[in-house]
Amino acid sequence: RVLMLGSNRLRGSIPQWIGNFSQKLQVLDLSDNRFSGSIPSDLTLPAFHSVENGGNSVSSLPTLYEDSIQLTAK
């Protein structure tokens with residue numbers, strides 16, 4: 001239920017393969033990488049509760065998730 005990708009020096013946009021796990025995820029930790037852009041709108045995240053985003057240049061969640069997910073900057 002938790003995918004921890006924090007502090008791995010990952011760069012670029014958030015990978016689409018995260019969507020393969022999205023039905024089961026509740027927490028996604030992307031913190032302290034070098035991701036940029038926004039979280040892809042085609043991810044299906046029905047059970048998401050938290051997205052850890054600190055230390056990146058990820059600007060926003062898709063409008064679809066704004067009311068249900070907490071975007072956190074550590």
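When reading the values below, keep in mind they use all heavy atoms of this one structure, side chains included, and skip hydrogens, waters and symmetry mates.
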Would you find a donor on one side and an acceptor on the other, under 3.5 Å apart, between the side chain of Asn33 and the backbone of Leu10? yes
Which pair of non-hydrogen atoms, one from Phe35 and one from Pro15, has the smallest distance, and what is that distance? CE2-CD, 3.8 Å
Supply the atom-to-atom distance Leu30 CG to Met4 CE, rounded to the nearest 0.5 angstrom. 10.0 Å
Output for pair (Ser36 OG, Asn56 CG), nearest 0.5 Å, gives 8.5 Å
Given side-chain contact (heavy atoms from CB on, under 4.5 Å), test Leu5 with Asp29 step by step and report yes or no. CA-CA 6 Å; Leu5 297 176; Asp29 183 352; over 6 Å; no
So, taking the atom named CG in Asp32 and the one named CG in Asn8, what distance separates them when rounded to the nearest 0.5 Å? 10.0 Å
Rounded to the nearest 0.5 Å, what's the gap from CZ on Arg9 to CZ on Arg34? Could you check? 7.5 Å
Apply side-chain contact (heavy atoms from CB on, under 4.5 Å) to the pair Ile18 and Leu25, showing each step before the final yes or no. CA-CA 9 Å; Ile18 291 174; Leu25 288 178; 4.2 Å; yes
